2 protein chains.
Amino acid sequence: MSVAPGFQPVHRESTSALITRQLREGIMRGTLPAGTQLSEVSLAAEFGVSRGPLREAMQRLVQEGLVRSELNRGLFVKELDEAEIRDLYLTRTAIETAAARAVAHGETVTQSLERLRARATAMAEAAAAEDLQALADADFAFHEELVNLAGSPRLHRVHETLMVETRMCLTALQGTYFDPEDQVAEHSRIVEAIAAGDDAAMVREIEEHMQEALDRLVRATR
Amino acid sequence: MSVAPGFQPVHRESTSALITRQLREGIMRGTLPAGTQLSEVSLAAEFGVSRGPLREAMQRLVQEGLVRSELNRGLFVKELDEAEIRDLYLTRTAIETAAARAVAHGETVTQSLERLRARATAMAEAAAAEDLQALADADFAFHEELVNLAGSPRLHRVHETLMVETRMCLTALQGTYFDPEDQVAEHSRIVEAIAAGDDAAMVREIEEHMQEALDRLVRATR
DNA sequence: CCCGTGAAGATTGTCAACAATCCGGAGATA
DNA sequence: TATCTCCGGATTGTTGACAATCTTCACGGG
């Protein structure tokens, strides 16, 4: 039994982790809209578990900041007002600029750029096909890829939450029209700044991109 | 009842939140050293609660990344190897540079600078008195103040965890000697860069400070 | 008509018991 | 001697029941 046929260590997950993931997905997709109370009994019934594991999952989401807890009253999906959205994008900028710099100074810049370009291309194709859903997905995939390539577990964890919140915002305004070409161009500029290894340019492009995205959002909200 | 005598809305906290805070403190101070298993029964007994609330607190810490969960085996205080420490400082750099920029561009720069200068002065005094404990505390207070002044709930939340991890590292190497003057000088330079409103300088100073701190740590670890 | 009072219902917070899983060592077997 | 098997003890995972709290709504007094 000493041969190693490339097996991976079995990594099972605790039930609370599983439930957490599903709830997060629900919040993200808008199945659980902002402000809704998360009833323990009904959710537990839906998941087919007792309230114990479910409550543990809830506490995770509270810690993550996706859920707000009111003592003896219940848990509610966090609502995002304009100030919160600004803060969200401020933090995204912090994380993603750091990620970009890590990627640019990393060992495997060439491969990283290849993957980022692929993501940018996917966005361009979706824009050309006028498939807004695909465009949005490719957009998220780009930013997730950027942070993944940085190879930082902490940046990744924080960013994961931020992306859920971002998706929350966009889901709430589904159907709003954004100019696809602008978005595609902004992402390309980010990639090229990384390729050029120009730290200042990277930061500037990401900042501008976030500012644009934020403006689009705020404009659509009013 | 329309007069507003400056009362604050009562905000009580759930038991799990309270326990979480205490456990976090324990991890930070080294009462619960890295790697130790967190026994549910003994901890529950110590806190005088049942395992329910305690488990909820644990899940929070898992989500925060301070505790690692092994299924059916237990929960362990996360250990930080060199790669983790590097990642920690990378992320701190990301958060604190963003905070510094927010402070520099904020409405109340003057007041903010005042408070930061006060923190820097406290450090200098501790260094002059050769009180290493006070110096370390003042150091932490400076960085916490910096992020608080940014007024960003997200940056704050993330930073809180990072500071716990930082303290974990330092507690583990208690007794090691670092040159106080260097540390004091680095912090002063950060404040002055913010005062000058020079974004690039701010980023550079914080980056260098983090790099220095990281080097000190890694050197001490080996 | 308005406001304070009180009880019913529902929801969350907590607990102690039960089930499942894992780790260690004693003993048997080759 | 080395290895396999099995059992005991301990720890975690899960559950259902009980206690505490909050909300709602009807009722009665001013």
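Order of the sequence lines fixes the chain letters, A, B, ..., with proteins taken first and strands second; residue numbering starts at 1 for each chain. Because the structure is a prediction, the values reported are computed rather than measured.
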> Considering only heavy atoms from C-beta outward, does the side chain of B:Glu79 approach that of B:Glu84 to under 4.5 Å?
Replying inline: no
> Under a 4.0 Å heavy-atom cut-off, which of residues 33-49 of chain A touch DNA chain C?
Replying inline: A:Gln37, A:Leu38, A:Ser39, A:Glu40
>> Just so I know, are the side chains of B:Leu43 and B:Leu23 near enough to count as touching, which here means a heavy-atom distance under 4.5 Å?
In response: yes
>> Does anything in residues 56-77 of chain B come within less than 4.0 Å of DNA chain C? Heavy atoms only, and list the residues if so.
In response: B:Asn72, B:Arg73
> Given side chains that start at C-beta, do those of B:Met168 and B:Lys78 come closer than 4.5 Å, heavy atoms only?
Replying inline: no
> More than 12 heavy atoms of other residues, nucleotides or ligands under 6.0 Å from CZ of B:Arg29: is that the case?
Replying inline: no
> chain A on DNA chain D: first and last contacting nucleotide, 5' to 3', under 4.0 Å to a heavy atom?
Replying inline: D:dT14 to D:dT23
>> My understanding is that only residues two or more places apart in sequence, or in another chain, count here; which of them pass side chain to side chain donor-acceptor pair (under 3.5 Å) with A:Thr15?
In response: none
Give the table of side-chain donor-acceptor pairs shorter than 3.5 Å for residues 110-121 of chain A, with sequence neighbours excluded, one pair per line with atom names and distance.
from: A:Ser112; atom 1: OG; to: A:Thr108; atom 2: O; distance (Å): 3.0
from: A:Arg117; atom 1: NE; to: A:Glu192; atom 2: OE2; distance (Å): 3.2
from: A:Arg117; atom 1: NH2; to: A:Glu192; atom 2: OE1; distance (Å): 3.2
from: A:Arg119; atom 1: NE; to: A:Glu145; atom 2: OE1; distance (Å): 2.7
from: A:Arg119; atom 1: NH2; to: A:Glu145; atom 2: OE1; distance (Å): 2.8
from: A:Thr121; atom 1: OG1; to: A:Arg117; atom 2: O; distance (Å): 2.7

>> Is it the case that atom CD in A:Glu46 sees more than 12 heavy atoms from other parts of the structure closer than 6.0 Å?
In response: no
> When you check the phosphate oxygens OP1 and OP2 of C:dT11, does a side-chain N or O of A:Arg55 lie under 4.0 Å from one of them?
Replying inline: no
>> Heavy atoms only, 4.0 Å cut-off, all strands: where does B:Ser14 land among base, sugar-phosphate and nothing?
In response: nothing
>> Applying side chain to side chain donor-acceptor pair (under 3.5 Å), can you list everything that pairs with A:His187, at least two apart in sequence or on another chain?
In response: A:Asp139, A:His143, A:His209
> 5'-most contact on DNA chain D: B:Arg12 or A:Ser16, nearest heavy atom basis?
Replying inline: A:Ser16
> So do A:Thr161 and B:Arg154 actually touch side chain to side chain, heavy atoms under 4.5 Å?
Replying inline: no
> Taking C-beta and beyond as the side chain, do A:Asn148 and A:His156 meet within less than 4.5 Å on heavy atoms?
Replying inline: yes
